[in-house]
Undergrad: 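The structure under discussion is supplied below as structure tokens; questions concerning it will follow.
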Amino acid sequence: MALFVRLLALALALALDPAATLAGPAKSPYQLVLQHSRLRGRQHGPNVCAVQKVIGTNKKYFTNCKQWYQRKICGKSTVISYECCPGYEKVPGEKGCPAALPLSNLYETLGVVGSTTTQLYTDRTEKLRPEMEGPGSFTIFAPSNEAWASLPAEVLDSLVSNVNIELLNALRYHMVGRRVLTDELKHGMTLTSMYQNSDIQIHHYPNGIVTVNCARLLKADHHATNGVVHLIDKVISTVTNNIQQIIEIEDTFETLRAAVAASGLNTMLEGNGQYTLLAPTNEAFEKIPSETLNRILGDPEALRDLLNNHILKSAMCAEAIVAGLSLETLEGTTLEVGCSGDMLTINGKAIISNKDILATNGVIHYIDELLIPDSGRPGLQGLGPAWPTIPSAIPCGGEHISLDLTTPFLADGTPPIDAHTRNLLRNHIIKDQLASKYLYHGQTLETLGGKKLRVFVYRNSLCIENSCIAAHDKRGRYGTLFTMDRVLTPPMGTVMDVLKGDNRFSMLVAAIQSAGLTETLNREGVYTVFAPTNEAFRALPPRERSRLLGDAKELANILKYHVGDEILVSGGIGALVRLKSLQGDKLEVSLKNNVVSVNKEPVAEPDIMATNGVVHVITNVLQPPANRPQERGDELADSALEIFKQASAFSRVRSPVYQRLLERMKH
């Protein structure tokens with residue numbers, strides 16, 4: 001195995017840039033905040049996140065360390081609730097959220113994340129639902145139901161009155177033609193939407209908040225078989241004008257327009273970049289005596305200093321402000337940008353009258369008061385407030401994650417390659433140069449060795465046959481390297497071919513044939529088979545084994561309970577997956593310490609791939625819930641108790657003897 005890994009690395013290194021590094025990716029701010037929420041929620045069970053809800057609103061936030069101790073968002077008190085982390089669900093009778101949500105297509109996933117209105121509008125268009133349910137790889141930034149409800153009536157009417165043009169275009173603008181997860185969403189980047197290739201602006205802030213055209217991500221990274229869904233708090237629209245163009249067309253910026261032209265800043269404000277303009281309205285300028293204003297407008301240097309004090313070095317959407325932030329202006333001064341409830345504040349004053357006007361090169365917030373820099377104060381004493389002292393950040397110690405990456409190196413000398421190893425290498429190389437973000441569930445890839453490999457998309461992993469991608473792509477001039485977590489094994493025949501070719505399953509093969517399931521496991525399909533070995537059958541009590549093998553109907557029922565209705569490889573399990581069997585009951589499949597278990601019984605050998613499924617070897621015969629002795633006994637006891645109650649009620653028995661007997665039967 002070590003030889004194979006070295007040879008594969010040598011072969012693929014020829015296609016990659018030599019400067020590529022092997023360092024693992026750092027966690028994004030969003031992932032760090034989600035991780036902190038998990039830590040705070042872990043006492044309530046697996047995959048439970050602590051969420052802060054602003055009292056009196058529906059606003060919820062994953063909590064970071066500072067917010068956890070302050071218990072405030074924008075100065076408003078919060079309460080802590082404990083909810084399933086994204087991608088997980090509760091299981092009756094079990095603590096926390098141990099099960100992964102069922103994986104389905106984009107359309108169905110919209111309902112899971114709370115965007116049923118988006119589902120409804122998707123249905124109204126003729127083209128979009130089949131696309132969301134079909135093959136491919138997409139990302140949709142789905143507005144919440146509340147986001148749709150908050151749209152002005154005239155805007156919503158214009159959309160729904162022309163569903164196959166206006167509504168379809170609006171929905172397509174929320175979509176990207178590939179899978180994009182939060183770790184790829186970088187501050188200041190743009191994504192190409194599926195509506196006329198229009199740009200979508202992404203901002204990923206240090207406090208973990210991610211915005212899409214200034215709409216906040218509420219629930220991120222909900223995987224679907226054909227992409228990913230991110231829930232956002234607003235309906236977004238296309239952005240066409242830069243900051244300078246918005247200044248030119250807005251009447252409330254008449255004075256600002258003249259000031260920008262006189263200062264020569266118009267070239268910068270119409271160019272590339274990502275700025276925040278705290279744009280003074282005409283009203284803001286009118287608060288300055290006319291003589292003073294004319295003097296400023298006549299001094300290009302003082303005017304430039306004044307305007308630079310209104311421009312932040314990066315784009316800052318209002319949704320990213322949950323507490324006070326010190327932000328630097330182009331003038332070099334710092335502004336304390338904060339919030340009080342729904343209002344943004346500058347240096348403690350609520351002077352922002354309109355927020356989040358998005359431009360192609362940043363964002364504009366309207367302000368009703370000029371921000372006077374110190375350099376402008378000699379001639380403008382008393383016209384602006386003194387800068388407050390900015391409090392230092394509260395340290396958050398004791399919680400960190402260490403990443404230890406051990407990298408194997410190529411040994412000196414290259415041993416000869418035999419035919420088996422050569423074929424193995426060729427079946428790890430795909431004919432096309434791909435990127436993992438474009439892979440989708442059910443996709444088929446062809447290797448240089450002529451084998452067909454299938455792609456499986458799970459909630460927390462992306463797998464090719466039995467092997468899952470373990471690190472970000474390394475893209476070179478002539479090829480792309482996927483770092484896989486194990487050696488790929490292409491499927492070799494159907495499930496029945498696999499079982500017949502392995503002597504461990506001779507009794508299982510005979511049982512399948514007796515139960516009439518041979519055709520099922522030979523035809524095309526997607527099955528996960530938990531295959532009991534001969535030893536598993538021999539371990540059954542002789543009488544039970546004889547009875548089972550002699551009753552074709554019960555045997556078929558038991559065997560169908562061993563077959564899941566989708567392909568689940570070990571790398572896609574996560575903590576717990578409830579897999580529906582062909583018999584109808586669900587199998588509980590879990591992974592702990594790299595050991596796969598089904599119904600809490602360890603799997604002896606996982607991931608034997610077949611063309612129509614995967615086989616996991618088990619050493620015991622699984623019993624459906626209705627067949628388990630304890631559960632049958634419980635059902636009989638419950639039935640007896642109910643009959644006894646009814647009979648006693650009928651005969652009006654109320655004696656102490658009856659009451660004592662009833663209590664004994666309950667226990």
Side-chain angles (χ1 to χ4, degrees), residues 58-59 106-111 113-133 138-177 190-203 211-219 227 229-253 279 281 315 317-319 342 352-366:
N58 290 322
K59 287 189 172 183
L106 278 177
Y107 176 81
E108 293 177 354
T109 304
L110 289 173
V113 303
S115 189
T116 52
T117 306
T118 306
Q119 273 187 321
L120 173 66
Y121 289 148
T122 299
D123 280 333
R124 292 194 181 183
T125 67
E126 295 178 359
K127 301 178 181 179
L128 200 53
R129 179 170 178 176
E131 193 168 4
M132 285 189 182
E133 292 179 327
F138 308 100
T139 296
I140 180 166
F141 296 102
S144 65
N145 295 339
E146 292 78 7
W148 287 105
S150 66
L151 277 181
E154 62 273 13
V155 174
L156 194 56
D157 287 345
S158 69
L159 292 175
V160 299
S161 64
N162 195 348
V163 293
N164 287 315
I165 297 179
E166 296 296 334
L167 183 58
L168 177 63
N169 291 343
L171 290 171
R172 282 189 174 278
Y173 181 64
H174 289 73
M175 297 179 67
V176 178
T190 59
L191 295 172
T192 302
S193 78
M194 292 174 60
Y195 169 63
Q196 295 184 352
N197 292 328
S198 301
D199 284 342
I200 300 173
Q201 295 190 23
I202 303 297
H203 296 100
T211 62
V212 182
N213 281 15
C214 284
R216 180 167 66 94
L217 247 65
L218 303 177
K219 297 179 181 179
V229 176
H230 305 290
L231 189 71
I232 58 177
D233 70 346
K234 295 183 182 71
V235 178
I236 61 175
S237 56
T238 55
V239 181
T240 56
N241 292 327
N242 58 46
I243 291 175
Q244 179 61 30
Q245 289 171 326
I246 294 174
I247 294 173
E248 293 286 345
I249 61 178
E250 288 293 328
D251 292 339
T252 191
F253 294 143
T281 61
C317 296
E319 286 293 340
D342 291 331
I352 293 181
S353 57
N354 195 4
K355 56 191 178 182
D356 287 345
I357 309 304
L358 206 59
T360 57
N361 56 349
V363 62
I364 299 175
H365 305 296
Y366 294 24

Undergrad: Are the side chains of Thr238 and Tyr195 in touch, meaning some heavy atoms are under 4.5 Å apart?
TA: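 Yes - at least one pair of side-chain heavy atoms lies under 4.5 Å apart.
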Undergrad: Does the side chain of Gln245 reach to within under 4.5 Å of the side chain of Thr360, using non-hydrogen atoms?
TA: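 No, every pair of side-chain atoms sits at 4.5 Å or beyond.
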Undergrad: Run the side-chain contact (heavy atoms from CB on, under 4.5 Å) check on Val176 and Thr192 step by step: do they pass?
TA: CA-CA 6 Å; Val176 178; Thr192 302; 5.9 Å; no
Undergrad: We want to know whether Ser144 and Asp233 form a side-chain donor-acceptor pair, criterion being a heavy-atom distance below 3.5 angstrom.
TA: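 No.
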Undergrad: Hey, could you give me the SG/CZ distance between Cys317 and Arg216, rounded to the nearest 0.5 Å?
TA: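 So the SG of Cys317 and the CZ of Arg216 are separated by 12.5 Å.
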Undergrad: For the side chain of Asn213 and the backbone of Ile200, is there at least one donor-acceptor N/O pair under 3.5 Å apart?
TA: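 No: the side chain of Asn213 does not pair with the backbone of Ile200.
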Undergrad: Under the criterion salt bridge (charged side-chain N to carboxylate O under 4.0 Å, His left out), I'd like the reasoning laid out for Asp342 against Lys355: C-alpha separation, chi angles, the key distance, then a yes or no.
TA: CA-CA 11 Å; Asp342 291 331; Lys355 56 191 178 182; 5.7 Å; no
Undergrad: Minimum heavy-atom separation for Tyr121 to Leu156, with atom names?
TA: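 Scanning both residues, the minimum pair turns out to be OH-CD1, 3.5 Å.
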Undergrad: Should Leu106 and Glu133 count as side-chain neighbours, where that means a heavy-atom distance under 4.5 Å?
TA: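 They are not in contact (no side-chain heavy atoms under 4.5 Å apart), so the answer is no.
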Undergrad: Are any side-chain N or O atoms of Ser115 and backbone N or O atoms of Pro143, one a donor and one an acceptor, separated by less than 3.5 Å?
TA: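 Yes; at least one donor-acceptor contact below 3.5 Å.
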Undergrad: What distance do Thr281 atom OG1 and Asp251 atom CG have between them, rounded to the nearest 0.5 Å?
TA: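 Between Thr281 OG1 and Asp251 CG, I get 12.5 Å after rounding to 0.5 Å.
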Undergrad: So do the side chains of Thr139 and Val229 get within less than 4.5 Å of each other, counting heavy atoms only?
TA: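 The answer is no; the side chains never approach within 4.5 Å.
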Undergrad: For the pair Glu131 and Arg172, find out whether any cationic side-chain nitrogen is under 4.0 Å from an anionic carboxylate oxygen.
TA: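 Answer for the salt bridge query: yes.
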Undergrad: Can you check whether Ile140 reaches Leu110 side chain to side chain, under 4.5 Å on heavy atoms?
TA: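 They are in side-chain contact.
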Undergrad: Is the distance between the ring centroids of His230 and Phe141 under 6.0 Å?
TA: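 Yes: the rings meet the under 6.0 Å criterion.
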Undergrad: Provide the closest heavy-atom pair for Phe138 versus Gly177 in the form atom of the first, atom of the second, distance.
TA: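 That closest heavy-atom pairing would be CD2-CA, 4.2 Å.
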Undergrad: State, without any angle test, whether Thr116 and Asn145 hold a side-chain donor-acceptor pair at a distance under 3.5 Å.
TA: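 Yes, Asn145 and Thr116 have a side-chain donor paired with an acceptor closer than 3.5 Å.
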Undergrad: Any chance you could measure Thr109, atom OG1, to Leu231, atom CG, to the nearest 0.5 Å?
TA: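 One finds 12.0 Å between OG1 of Thr109 and CG of Leu231.
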Undergrad: Could you tell me whether Ile165 atom CD1 has more than 12 heavy atoms of other residues or ligands within 6.0 Å of it?
TA: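 No.
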Undergrad: Testing the basics here: between Ile243 and Gly362, what is the closest heavy-atom pair and its distance to 0.1 Å?
TA: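 Taking every non-hydrogen atom into account, CD1-CA, 4.3 Å.
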Undergrad: Check step by step if side-chain contact (heavy atoms from CB on, under 4.5 Å) holds for Asp199 and Ser193.
TA: CA-CA 6 Å; Asp199 284 342; Ser193 78; over 6 Å; no
Undergrad: Working to the nearest 0.5 angstrom, can you tell me the gap between Trp148 CH2 and Thr117 OG1?
TA: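 Going from CH2 on Trp148 over to OG1 on Thr117, the span is 8.0 Å.
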Undergrad: So, for Leu128 and Thr125, which heavy atoms are closest and what is the spacing to 0.1 Å?
TA: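 Closest heavy-atom pair between Leu128 and Thr125: CB-OG1, 3.3 Å.
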Undergrad: side-chain contact (heavy atoms from CB on, under 4.5 Å) for His174 and Val235? Distances and angles first, verdict last.
TA: CA-CA 8 Å; His174 289 73; Val235 178; 3.9 Å; yes
Undergrad: Taking Glu250 for the side chain and Ile247 for the main chain, is one N or O donor matched with an acceptor at less than 3.5 Å?
TA: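 Side chain of Glu250 to backbone of Ile247, a donor-acceptor pair under 3.5 Å: no, none is there.
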Undergrad: Is a side-chain donor or acceptor of Gln201 paired with a backbone partner of Ala359 at a separation under 3.5 angstrom?
TA: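 Answer holds: yes.
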Undergrad: So, for Ala215 and Ile236, which heavy atoms are closest and what is the spacing to 0.1 Å?
TA: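 Shortest heavy-atom contact: CB-CG2, 3.9 Å.
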Undergrad: Any heavy-atom pair between the side chains of Met132 and Met175 that's under 4.5 Å?
TA: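 Yes, their side chains come closer than 4.5 Å.
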Undergrad: Are the side chain of Thr122 and the backbone of Thr118 linked by a donor-acceptor contact shorter than 3.5 Å?
TA: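 Looks like yes, one N/O pair under 3.5 Å.
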Undergrad: What's the spacing between Asn164 CG and Glu126 CD if we round to 0.5 Å?
TA: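 Between atom CG of Asn164 and atom CD of Glu126 there are 4.0 Å.
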Undergrad: Give, for atom CG of Asp157 and atom CD of Glu166, the distance between the pair rounded to the nearest 0.5 Å.
TA: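 Interatomic distance, Asp157 CG to Glu166 CD, rounded to 0.5 Å: 12.5 Å.
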Undergrad: Check whether any side-chain N or O of His365 sits under 3.5 Å from a backbone N or O of Asp356 as a donor-acceptor pair, and report yes or no.
TA: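 Yes.
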Undergrad: Can a cation-pi geometry be assigned to Arg129 and Tyr107, taking NZ or CZ under 6.0 Å from the six-membered ring centre and within 45° of the ring axis?
TA: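 Positive - Arg129 is close enough to the ring of Tyr107 and near enough to its axis.
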Undergrad: In this structure, are over 12 heavy atoms from other groups packed under 6.0 Å from Glu154 atom CD?
TA: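 It does: Glu154 CD has more than 12 such atoms within range.
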Undergrad: Taking all atoms of both residues into account, what is the closest heavy-atom pair of Ser150 and Ala147, and its distance?
TA: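 Shortest heavy-atom contact: OG-O, 2.9 Å.
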Undergrad: So do the side chains of Val212 and Leu217 get within less than 4.5 Å of each other, counting heavy atoms only?
TA: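 Heavy-atom side-chain distance check passes, below 4.5 Å.
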Undergrad: Begin with the C-alpha distance, continue with both residues' side-chain angles, and end with the deciding distance and a verdict on side-chain contact (heavy atoms from CB on, under 4.5 Å) for Ile232 and Leu218.
TA: CA-CA 5 Å; Ile232 58 177; Leu218 303 177; 5.8 Å; no
